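Structure, as structure tokens:
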Amino acid sequence: MPLKIVDVVGARPQFIKLAPVLKAIKEYNEKNPRCPIQEVLVHTGQHYDYEMSGVFFDELGLKDPDCHLGVGSGTHGYQTGEMLKRIEEVLLAEKPDLVMVYGDTNSTLAGALAAAKLHIPVAHVEAGLRSFNKQMPEEINRVLTDHVSDLLFCPTKTAVENLRHEGFTDILNDGDLLPYPFAPYPLPPASVVINTGDVMYDAALMYLDLAEQKSRILECLGLEPKSYALATVHRAENTDDPERLRAIFAGLEGVARSGLPVILPLHPRTRKALSSLSPTPCPLPLSPSTPSLRPIDPVSYLDMLLLEKNARVILTDSGGVQKEAFFFRVPCVTLREETEWVETVETGWNVLVGCDPDRITQVALEARPGIESSWPYGDGRAAERVVELVDLLFRR
Ligand code: UD1
Ligand code: UDP
């Protein structure tokens, strides 16, 4: 019997995390034609603008979702509740052996909860991350998802240690990166924690050459390598607090006024929040006297990889973008008080600046490379480990 898994995704970073896993499933099936993995892709509809969803399917060659739930935006309770109801219907019809969820969004939590309540095993890709800040919706989503998961795929050793502190004891290879290829493991009965490496590193390695061949974003925006800053802002704690949002944008304006243009692919949440700060539509309240602060629509992943790789410095509150800055050895300034990706800070590639405008400007303008040290994010084969472990542990 084929092993049947349901993948639940819905938000931008999840399409990127999914890409290497789908590729690994395809390769697995080519090697094992007689016992393939059957994969059912569920898109919750959390993100729905073409720039936030469709472009990733088109550009990264992802298969179309088998099931689109069309949930859309709303309050946390509404959005998560609607997803829960609709995912449950899919799971009752599909009867998978396992549900895979990714990251820390409301789609992650809804997928994990729907499966756990039906006693379907859950695999969490990007398990164990913690900010230790329960004001973040993502922190609630992560903690709850991890504690209903059966397979916890951690991107780093830090993530494994976070789970150890929360009482998880079945940890393969003592939390070090699982050697690959691996011999069959004796199967622990309870939730299993595995350091697989980071699927986002797999994705960056997978798509960088294609980005270099295909993307014309630098030419389109008239940018020379290392002559601009790249910024993204979308965290609820920044966008939903007008004072913080104003302060962050004052910091970005400071960078732009000092002669380093700032390219700002704007998340729709941020565009809306900025518009509500001002009676005139976005890009105001960005100052017209600072034309080198350049808001643009969200860009595709290939364009984003090139913008990141060629930036002099990256300013962001995104988890994924902090890491990609590290992958490309670009100094990063994080517009938050804490980060889940502590290795980027410990190695000096990332500085946490919060929302103080002067500090944002100063740290960005003075940003320097960190140290070359051991690589915490795996070897680019995280997705292969994920797929083979799923098969090993759940094939009936
Ligand atoms: C969500 C995740 C966050 C992740 C981010 C990735 C949660 C709680 N948050 O935040 O962890 O970092 O995705 O980008 O799950 N909107 C549109 N078009 C879209 C999508 C959203 O206009 O295609 C607008 C809507 O006004 C919506 C707002 O953005 O209300 C926020 O969207 P939502 O999906 O609730 O959260 P994100 O901020 O995107
Ligand atoms: N990203 C993108 N286009 C953009 C902004 C981000 O393709 O305009 C990619 C980015 O390269 C990374 C991922 O989206 O791979 C990060 O997603 P996001 O910042 O929305 O969420 P987070 O990682 O904070 O959850």
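One-based numbering along the sequence shown. As the structure is a prediction and not an experimental result, all values here were calculated from the model. Atoms within each ligand, like the ligands themselves, are counted from 1 in listed order.
Using 4.0 Å as the threshold, E308 has a heavy atom nearer than that to some atom of ligand 2. Not a single heavy atom of E51 sits closer than 4.0 Å to an atom of ligand 2. Residue contacts with ligand 2: S300 is included, with a non-hydrogen atom under 4.0 Å away.
Residue D317 places no N or O, backbone or side chain, under 3.5 Å from any N or O of ligand 2. In terms of N/O distances under 3.5 Å, ligand 2 is not approached by H267. Considering both main-chain and side-chain atoms, V299 comes within under 3.5 Å of ligand 2 through a nitrogen or oxygen pair. Between I16 and ligand 2, a contact under 3.5 Å exists for no N or O pair. Backbone and side-chain nitrogen or oxygen atoms of E324 are examined, and one is located within less than 3.5 angstrom of a nitrogen or oxygen of ligand 2.
D49 meets the side-chain hydrogen bond (donor to acceptor under 3.5 Å, both in side chains) test with no other residue; sequence neighbours excluded. Considering only residues two or more places apart in sequence or on other chains, T80 meets the side-chain hydrogen bond (donor to acceptor under 3.5 Å, both in side chains) condition with none of them.
Closest protein heavy atom to atom 16 (C) of ligand 2: S318 OG, 3.8 Å. The protein non-hydrogen atom at the shortest distance from atom 6 (C) of ligand 2 is R12 CZ, 3.6 Å. Closest to atom 17 (O) of ligand 2, if we only count protein heavy atoms, is P13 CB, 3.6 Å. Taking atom 23 (O) of ligand 2 as the reference point, the nearest protein heavy-atom neighbour is G320 N, 2.8 Å. For atom 1 (N) of ligand 2, the nearest non-hydrogen atom of the protein is M304 CG, 3.8 Å.
Relative orientation of the H43 and H68 rings is parallel, given thresholds of 30° and 60° on the angle between their planes. Using bins of under 30°, 30° to 60° and over 60° for the plane-to-plane angle, the ring pair Y207/Y301 lands in the perpendicular bin.
D174 and R164 are joined by a salt bridge, as a carboxylate oxygen and a charged side-chain nitrogen come within less than 4.0 angstrom of each other. Ionic pairing of E384 and R381 is present here: one or more N-O contacts between side-chain nitrogen and carboxylate oxygen are shorter than 4.0 angstrom. Salt bridge status for R216 with D303: absent, with no side-chain N to carboxylate O gap under 4.0 Å.
Checked against M83 for a side chain to side chain contact (heavy atoms under 4.5 Å, CB included), the options T105, V71, L109, L113 give a single hit: V71.
Taking each heavy atom of V99 and I120 in turn, the nearest pair found is CG2-CG2, 3.9 Å.
Counting atoms of ligand 2 from 1 in the listed order, those under 4.0 Å from a heavy atom of R235 are 22 (P), 24 (O), 25 (O). Numbered from 1 in the order shown, with element, the atoms of ligand 2 that lie under 4.0 Å from a heavy atom of P298 read 8 (O). Those atoms of ligand 2 that come under 4.0 Å of a heavy atom in P265, given as number and element, are 8 (O). Ligand-side atoms of ligand 2 in range of M200: 12 (C), 15 (O), range being under 4.0 angstrom from any heavy atom. Residue-ligand proximity, F56 to ligand 2, at heavy-atom distances under 4.0 Å covers atoms 7 (O).
Cation-pi geometry between R329 and F326 is met: the NZ or CZ atom falls under 6.0 Å from the ring centre, inside 45° of the normal.
A donor-acceptor contact shorter than 3.5 Å is absent between the side chain of Q79 and the backbone of H76. Without hydrogens or angle criteria, D317 side chain to R235 main chain gives a donor-acceptor distance under 3.5 Å. Checked by atom type and distance alone, the side chain of R86 never pairs as donor or acceptor with a backbone atom of T44 at under 3.5 Å.
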TODO: Dump the intermediate steps for salt bridge (charged side-chain N to carboxylate O under 4.0 Å, His left out) on E30 and K23, then the final yes or no.
DONE: CA-CA 11 Å; E30 281 163 8; K23 177 168 174 263; over 6 Å; no

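Within 4.0 Å of ligand 1, protein heavy atoms come from P13, Q46, H47, Y48, D49, M52, S73, H76, Q79, D104, T105, N106, P137, E138, H234, R235, H267, P268, R269, K272.
For residues 145-155, the pairs satisfying side chain to side chain donor-acceptor pair (under 3.5 Å) are H124-D146, R130-D146, H147-E166, with sequence neighbours left out.
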